[in-house]
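Computed from a prediction, not measured in an experiment: that's the story for all the values here. Naming convention: chains lettered A, B, ... in sequence-line order (proteins, then strands); numbering from 1 in each chain.
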Amino acid sequence: MSDRSRRFSAIGLGLALIALALAGPLWSQAKVGGSASSGSITPAQLTADKSLGSRQAPITIEVFADYQCPQCRNFYETVTRQLIDTYVNTGKVYLVHRDFPLSMHSHSHEAAHWLNAAAAAGFYAPVEQALYDKQDEWGPTGKIEPILMGVLSPADMKKVKLIESTEGSQLDAAVASDIAAGMSLHVEGTPTIFVHHAGKTEELPTGGVSYPLLKQYLDYLLQH
Amino acid sequence: MAGTSPTLDTSSIAASSGHRTGRALFLAGRVVLGGIFIYAAYSKLHFAGSWHLRDYYFFFAMAINSYNMLSMAAVEWMAKILPWFELALGTLLVLGIGVRWVSSALTVLLLVFMAALTRAAMLGLEINCGCFGYNSQKPTTELFHDSGLLILGLAVTIGAFMTQRARRLPA
């Protein structure tokens, strides 16, 4: 091989390495499931990011919740987790989260804002669980970032922070959009649960939705 | 033929008029109370714009469960039968069948509802009353409504027993 061709090979290899170095982060970002990977964040995309299961599921459950509300935490701990295991992961239910921060809770709007940032980065499920599990820690203080840092790797936290700083207004617009949707459905408190099946929508009575009763109802719907 | 001028027995006329007013009030109270219970049953079977004859029980069970005072088996049993029990008692009362016992049963039922609401209010529970559909109300508001119904229930029950007693007395 001549010196000239060796020089060209070295330049080519160098350029290839540079291209690889530049493409690497972009590729890893594209692997993230949230809407941030598509380059733009809209309320509709964020709703999809805050949903679990298959859109083709026969039943859709829409939950209007406030991360600082104790009843919402209780609903998440005693109903949602089992619902995800038994009905969402098996393709029977599509579970949609809607933010409905109540004015009585001083940090719930902020929590919803951060959750949307995490959802846009593709980390909805672990962050939701952390916010409910550690509600007693961040609720009185409003220190939400440490809760996220507890469940996300430094690199993932960096992505969430980047989205939060660059798309903050879009995240707030998504929360506002959920609130508006709730108002149009006459949602007054949290958690408020709507079940959509076969073109019909039913609101479940507040306060008494236990997993055994919900399971009976879902099994009934799946048979009809 | 000696003419005898007819004497007006004003006291019997007044008594008769009082009887009629009392009977009318009793009938009105009976129909209103029975009607309210029929409506209570209807609102548990027909809501959100459609009949729920096959799945009403899931919704009502969730409402009862919000009181957090009964076992799941008791919640399910009560959710299945209570709307039909209310419908039966309300219909019997409107039709005037077994009024003493029916009105007594409704009064006892109202006392049970009020005890449950009082407990929920004292514990600060966010309940869904389930009394007339599923528009969640504060326990105190529902207690106010039930107090009015209890007064009506007591009045109808007392009226029913008094009517029965009057019938038994010799004329």
Side-chain angles (χ1 to χ4, degrees), chain A residues 58-59 61-66 68-75 77-80 82-83 87 93 100 102 104-105 182 184-224, chain B residues 40-41 43-83 113 116-117 119-142:
Chain A
I59 300 170
I61 297 180
E62 203 175 4
V63 181
F64 286 84
D66 171 333
Q68 208 178 339
C69 134
Q71 289 87 352
C72 295
R73 176 178 61 182
N74 185 48
F75 180 76
E77 305 285 1
T78 62
V79 180
T80 309
Q82 295 181 75
L83 180 72
Y87 291 92
V93 166
F100 202 79
L102 302 171
M104 66 200 286
H105 295 138
S184 70
L185 290 164
H186 308 291
V187 171
E188 289 175 352
T190 55
T192 297
I193 303 129
F194 292 94
V195 176
H196 308 272
H197 175 255
K200 284 175 74 178
T201 297
E202 302 286 0
E203 181 182 348
L204 300 185
T206 324
V209 186
S210 68
Y211 182 70
L213 288 174
L214 183 63
K215 184 180 186 314
Q216 284 187 48
Y217 181 50
L218 295 177
D219 289 343
Y220 165 82
L221 290 179
L222 289 168
Q223 286 166 9
H224 290 84
Chain B
S43 66
K44 291 174 183 73
L45 302 170
H46 184 279
F47 51 89
S50 61
W51 284 100
H52 287 262
L53 294 174
R54 293 199 308 184
D55 64 354
Y56 74 90
Y57 127 81
F58 301 111
F59 296 86
F60 192 39
M62 288 172 193
I64 297 170
N65 196 41
S66 70
Y67 287 81
N68 205 15
M69 64 185 290
L70 294 174
S71 69
M72 198 49 69
V75 164
E76 290 175 20
W77 179 78
M78 202 170 158
K80 279 177 185 163
I81 66 152
L82 194 58
F113 292 161
L117 285 165
R119 178 184 171 276
M122 285 170 71
L123 294 175
L125 295 178
E126 276 197 22
I127 57 152
N128 190 302
C129 174
C131 313
F132 300 99
Y134 300 108
N135 295 323
S136 188
Q137 295 280 345
K138 288 186 185 302
T140 43
T141 314
E142 294 299 335

> How long is the gap from CZ on B:F59 to CD on A:E202, to the nearest 0.5 Å?
Replying inline: 4.0 Å
> Between A:S210 and B:M62, does a side-chain contact (heavy atoms from CB on, under 4.5 Å) hold up when you go through it step by step?
Replying inline: CA-CA 7 Å; A:S210 68; B:M62 288 172 193; over 6 Å; no
> How many angstroms lie between atom CD of A:Q216 and atom CG of B:D55, to the nearest 0.5 angstrom?
Replying inline: 12.5 Å
> Which atoms of B:F60 come close to chain A, meaning under 4.5 Å heavy atom to heavy atom: side chain ones, backbone ones, both, or neither?
Replying inline: neither
> Considering only heavy atoms, which portion of B:A63 lies under 4.5 Å from any heavy atom of chain A: side chain, backbone, both, or neither?
Replying inline: both
> B:F58 vs A:Y220 aromatic rings, parallel, tilted or perpendicular, using cut-offs 30° and 60°?
Replying inline: tilted
>> Quick check on A:H224 against chain B: is it the side chain, the backbone, both or neither that has a heavy atom closer than 4.5 Å?
In response: side chain
>> Counting only non-hydrogen atoms closer than 4.5 Å, does A:Q71 touch chain B with its backbone (N, CA, C, O), its side chain (CB onward), both, or neither?
In response: side chain
>> Is any side-chain heavy atom of B:E76 closer than 4.5 Å to one of A:P212?
In response: no
>> For chain A, which candidate among B:M72, B:H52, B:R54 shows the most heavy-atom pairs at distances under 4.5 Å?
In response: B:R54
> Side chain, backbone, both or neither: which part of B:Y67 has a heavy atom under 4.5 Å from chain A?
Replying inline: neither
> Can you tell me how far the CD atom of B:E126 sits from the OG1 atom of A:T190, to the nearest 0.5 Å?
Replying inline: 7.5 Å
> For chain B, which of A:L214, A:L221, A:T201, A:L204 has the most heavy-atom pairs under 4.5 Å?
Replying inline: A:L204
